There are 2 protein chains.
Amino acid sequence: MNLPPLIQSFVLHFGEMGSHWGINRTVGQIYALLYVSDKPLNADDIVEAIGCSRSNTSMALKELQAWRLVKLQHLPGDRREYFSTPDDVWAIFKTLAEERQKREVEPTLTMLRGAIMETPSGDAERHAQARMNEMYQLIELVTKWFADIRDMDVDTLQKLMKLGSQVQKVLQFTQSIGRLTGRDSNRNADAEA
Amino acid sequence: MNLPPLIQSFVLHFGEMGSHWGINRTVGQIYALLYVSDKPLNADDIVEAIGCSRSNTSMALKELQAWRLVKLQHLPGDRREYFSTPDDVWAIFKTLAEERQKREVEPTLTMLRGAIMETPSGDAERHAQARMNEMYQLIELVTKWFADIRDMDVDTLQKLMKLGSQVQKVLQFTQSIGRLTGRDSNRNADAEA
DNA sequence: TCCAGTTTTCAGTAATTTCTGAAAGTTTGA
DNA sequence: TCAAACTTTCAGAAATTACTGAAAACTGGA
């Protein structure tokens, strides 16, 4: 690896972090490299920069594409494939959240739904089911809520972000004048009536 | 492994999921088992239920304790250690978020701060720094915001949760009557003045 | 202090994951 | 339709991670 030290430490850090996140080192490194690069890179550029094999690079890029984290493009008069990351960091964050939702959260919810449907035999199973239901409710709630945020336009989001720790105050305020908003603050409660 | 099918599928699923989350299968399985168990379990109970070695169980419990995800307790007249998970699913979620913050987010922020401080030499490094700064800002913002939510009391949180997709509406409403709340909606903006 | 019951450590082994080089596959333009 | 330029696949090697059994280390009572 032969990169400016500043970029190198970033790339190496993402490589390490990868393992905490279930992605492998090369994938993390390549992503980091593309993220900070000021121009799209082709596979050989990456091999040169990271110091891994050509085939490994190919695999890693395939995985990054499956995660929709890199864009593939072609430069005029060059047959090679060039890769880059989207510019908008918020869009990147959204993509990551959507993919994890699809790969990890959905299967878990499906499993939980299945288990909750079963007829329990005995107290232990009844208790287990109740616990699974608690987990199911929490995941669904957080997921829904997160999806709302994820799908906000950047502008609204920026405002909400800047609100910071005021979210709680805003909420309390909203509650206290609840009727004015059309009693919507209870919209997702179990019983609409 | 010899468990009711309902519990078994839950335990196995968490084992599989572990790998997506950088924890190993046994740790995931043991956590799941404790989560649905209606009483605290000792290490031998776990060995019996999961079918792993005693030493592996010991290691896994140590790791779960390091993550603050299991409670250790003693039963009167029994020298063995019994383990269980906290009852409150929200508290569990909070703990997980705090630990990940500490282990993954903080080191990344530190690395980014370091890189951003460096004097860039050349355009590539300058661009890389700008990108790192974008990432830094996003992580800090999301982190702060998440911490606010994390630290809410359960009651407020429940209300906010039930708000669901109304968060956006509430925000817009709040903005439009901004002055009434004391102009706090800008509190975390760059310039306080 | 010693002992029985219990947990932890650790070195070696097993399993899994990652990585590589060689070969096969694809695409484009002449 | 061929060849050059480039990408992907894949079987095996290398590296890493997980797991085990045996032994060591605790711990609390007699």
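As the structure is a prediction and not an experimental result, all values here were calculated from the model. Computation of the quantities below employed the complete heavy-atom set of this structure, encompassing side-chain atoms and omitting hydrogens, waters and symmetry-equivalent molecules. Numbered from 1 within each chain, the chains take letters A, B, ... in sequence-line order.
For B/Asn56, no side-chain nitrogen or oxygen approaches OP1 or OP2 of D/dA18 to under 4.0 Å. For B/Arg54, a side-chain nitrogen or oxygen approaches OP1 or OP2 of C/dT7 to under 4.0 Å. In this model, the phosphate group of C/dG29 is not approached by any side-chain N or O of A/Arg79 to a distance below 4.0 Å at OP1 or OP2. The side chain of B/Thr26 places no N or O atom within less than 4.0 Å of a non-bridging phosphate oxygen (OP1 or OP2) of D/dA18. Within the 4.0 Å cut-off from OP1 or OP2 of C/dC19, at least one side-chain nitrogen or oxygen of A/Asn24 is found. Under 4.0 angstrom from either OP1 or OP2 of D/dT7 there lies no side-chain N or O belonging to A/Ser58. A close approach under 4.0 Å does occur between a side-chain nitrogen or oxygen of B/Lys62 and OP1 or OP2 of C/dT9. Proximity of A/Ser55 to the phosphate of D/dT8: no side-chain N or O atom is located under 4.0 Å from OP1 or OP2.
B/Leu61 places its CG atom 16 Å from the P atom of C/dT6, with the value rounded to the nearest Å. Between the CD1 atom of B/Ile30 and the C1' atom of C/dT7 there is a distance of 14 Å, rounded to whole Å. In this entry the distance linking CG of B/Leu75 with P of D/dG28 reads 16 Å, nearest Å. Computed from coordinates, the B/Gln73 CD to C/dT7 P distance equals 14 Å when rounded to whole Å. Going from atom CD1 of A/Ile23 over to atom P of C/dT16 covers 22 Å, rounded to whole Å. Rounded to a whole Å, the CG atom of A/Asp44 is 8 Å from the C1' atom of D/dC6. Put simply, CD on B/Glu63 is 14 Å from P on C/dT8, counting in whole angstrom units. Across the protein-nucleic acid pair, A/His74 atom NE2 and C/dG29 atom C1' stand 15 Å apart, rounded to whole Å.
Using a 4.0 Å heavy-atom cutoff across all strands shown, B/Arg25 reaches sugar-phosphate atoms only and no base atom.
For B/Gln129, there are no side-chain hydrogen bond (donor to acceptor under 3.5 Å, both in side chains) partners two or more places apart in sequence or in a different chain.
Sequence order on DNA chain D of the closest nucleotides to A/Ala43 and A/Ser19 puts A/Ala43 first from the 5' end. For the pair B/Met59 and B/Asn42, both in contact range of DNA chain C, the more 5′-proximal nearest nucleotide belongs to B/Asn42.
Nearest approach of A/Met132 to B/Tyr35, heavy atoms of both residues: N-CE2, 4.3 Å.
For B/Arg103 and A/Trp21, the positive end is not near the middle of the six-membered ring at less than 6.0 Å and at most 45° from its axis.
In this model, no side-chain donor or acceptor of B/Ser53 finds a partner on the base of D/dG21 within 3.5 Å.
Taking the side chain as every heavy atom from C-beta outward, A/Phe10 and B/Leu112 approach each other to under 4.5 Å.
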Side-chain atoms of residues 57-67 of chain A: list all donor-acceptor pairs with protein atoms under 3.5 Å, sequence neighbours left out, distances to 0.1 Å.
{"residue": "A/Thr57", "atom": "OG1", "partner": "A/Ser53", "partner atom": "O", "Å": "3.0"}

